[in-house]
S.K.: 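One structure is given below, represented as structure tokens, and several questions about it will come after.
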Amino acid sequence: MPKQIISYKAEQFTESVIREMTRQANLYGAINLSQGFPDFSAPEEIKLAASDAIMSDINQYAITWGAKNFRNAIAEKSSWYLGMEVDPEREITVTCGSTEAMIAAMMAIVNPGDEVIVFEPFYENYGPDAILSGATPKYVTLYAPDWHFDEDELARAFNDNTKAIIINTPNNPTGKVFSREELQQIADLCHKWNVIAITDEIYEHILFNDKKHIAIATLDGMRERTITINGLSKTYSVTGWRVGYTIAPPEITSAIRKVHDFLTVGAAAPLQEAGAHALRLPRSYYDKLASDYFMRRERILSVLKDVGFKCFDPDGAYYVMTDISAFGYDDDLEFARFLVKEIGVAVVPGSSFYHDPKLGSRQVRFTFCKRDETLAAAEERLRQLKSLAG
Ligand code: GLN
């Protein structure tokens, strides 16, 4: 028998389609509206805070679960923004991005046979996260155009084997912002079945149409069964810094800290210092962030609609899911390939957000976390599609 070199786990998933699209954008010289990272500068003062930290020799390991100053800043911000009181000594773990936060959280709580509920479409990492942690994913549909879920369908997804439910609000890729009523329905089921909520709130400040961000941990009785995940990437436009964190009750935090310690030891120490500075920026910073994103949202929606995409207008985050039916393609991958090669704009094929590729075969996702010039250049190229739309 030839030896099986590659692990069964690693064999079960492919490399990230999102990250691959960025490489294709570079290969074809396309405007990159695929992977969600800003192409504009991070705020000057947090860049200075990072350089200062390096120059003042904060260059060795921070405490494995996070520098004290940064954890204190996380607790302060969670208090004013989320209305959530957090003990920085026992309830916070700083990780290498929210990506590590999610896998560390899953590995800290999942046992063989455990099921984890995932709303679909979902951010593609959650699939491999489930495989790597050994969880069995159960999908609950978010229905377009408003991406609501069916309460009965959700209730049916819960059973004695359910360990956790993953929530991502504001949501990638749909732009859905979960309402208090929806979160309460989820919370009720978590109580009924003794389930942990793992909530990825990385887009918490990118909100439109007067939507409010609600952390499920702040609902009655949810604090002790919620792992809240966040990070610096999106709010401060520093996706390459890889600084994220979890907030969870002490017992779960101890488990997350152990997993985190042996996975990565810790996140970059000087960037945690800069992060402490970032999290203490005045509230006006967050208002401007949201209003700048609103302008970009308006801009991309108007051009996409004009050239023939059906758009699902986002209430939050910085993506637009679109329906491509008008262009005569049945296959999102083929359409994305055509866009990147012939039109010169890279997007993410819809199928990468579904467990069954067919479900996303008529969709592609655009991101709009880009400079005006980038959006203008994309606009010009996308105009070529106009003649194609039926
Ligand atoms: N969250 C971003 C996206 O969906 C990118 C994340 C990543 O590539 N690590 O595009």
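Counting starts at 1 for both ligands and their atoms, following the listed order. Reckoned from all heavy atoms, side chains included, excluding hydrogens, waters and symmetry mates.
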S.K.: Does even one non-hydrogen atom of E124 get within less than 4.0 Å of ligand 1?
M.R.: no
S.K.: Are Q363 and D332 close enough that a side-chain donor and a side-chain acceptor fall under 3.5 Å?
M.R.: no
S.K.: Under 4.0 Å from ligand 1, counting heavy atoms only, is it the side chain of M21, its backbone, both or neither?
M.R.: neither
S.K.: Quickly, which of V364, D323, V320 forms a side-chain contact (heavy atoms from CB on, under 4.5 Å) with F309? Name it, please.
M.R.: V364
S.K.: Treating Ile, Leu, Val, Met, Phe, Trp and Tyr as nodes and any side-chain heavy-atom pair under 4.5 angstrom as an edge, say whether I252 and I74 lie in one connected cluster.
M.R.: no
S.K.: What protein heavy atom sits nearest atom 7 (C) of ligand 1, and how far away is it?
M.R.: R19 NH1, 3.2 Å
S.K.: Check this for me - ligand 1, R365, N or O atoms closer than 3.5 angstrom, yes or no?
M.R.: yes
S.K.: Going by heavy atoms in the side chains, are I300 and K370 under 4.5 Å from each other?
M.R.: no
S.K.: Should you measure from each heavy atom of K234, which atoms of ligand 1 turn up under 4.0 Å away?
M.R.: 1 (N), 2 (C), 5 (C)
S.K.: Would you mind reporting whether I206 and P170 have side-chain heavy atoms less than 4.5 Å apart?
M.R.: no
S.K.: Does an N or O anywhere in I18 fall below 3.5 Å from an N or O of ligand 1?
M.R.: no
S.K.: Does Y319 come within less than 4.0 angstrom of ligand 1, counting non-hydrogen atoms of the residue?
M.R.: yes
S.K.: Could you tell me which atoms of ligand 1, counted from 1 in the order shown, lie closer than 4.0 angstrom to a heavy atom of Q35?
M.R.: 5 (C), 7 (C), 8 (O), 10 (O)
S.K.: Answer yes or no for Y203: is there a heavy-atom contact with ligand 1 below 4.0 Å?
M.R.: yes
S.K.: Which atoms from ligand 1 have a heavy atom of N172 less than 4.0 Å away?
M.R.: 1 (N), 3 (C), 4 (O)
S.K.: Just by modelled atom types, is the V177 backbone N or O under 3.5 Å from a matching donor or acceptor in the T169 side chain?
M.R.: no
S.K.: Go through ligand 1 atom by atom and flag the ones less than 4.0 Å from a non-hydrogen atom of Y123.
M.R.: 1 (N), 4 (O), 6 (C), 7 (C), 9 (N)
S.K.: With distance as the sole criterion, is a donor-acceptor pair present between the side chains of D356 and Y139 under 3.5 Å?
M.R.: no
S.K.: Would K176 count as a cation-pi partner of F178, with NZ or CZ less than 6.0 Å from the six-membered ring centre and within 45° of the ring normal?
M.R.: yes
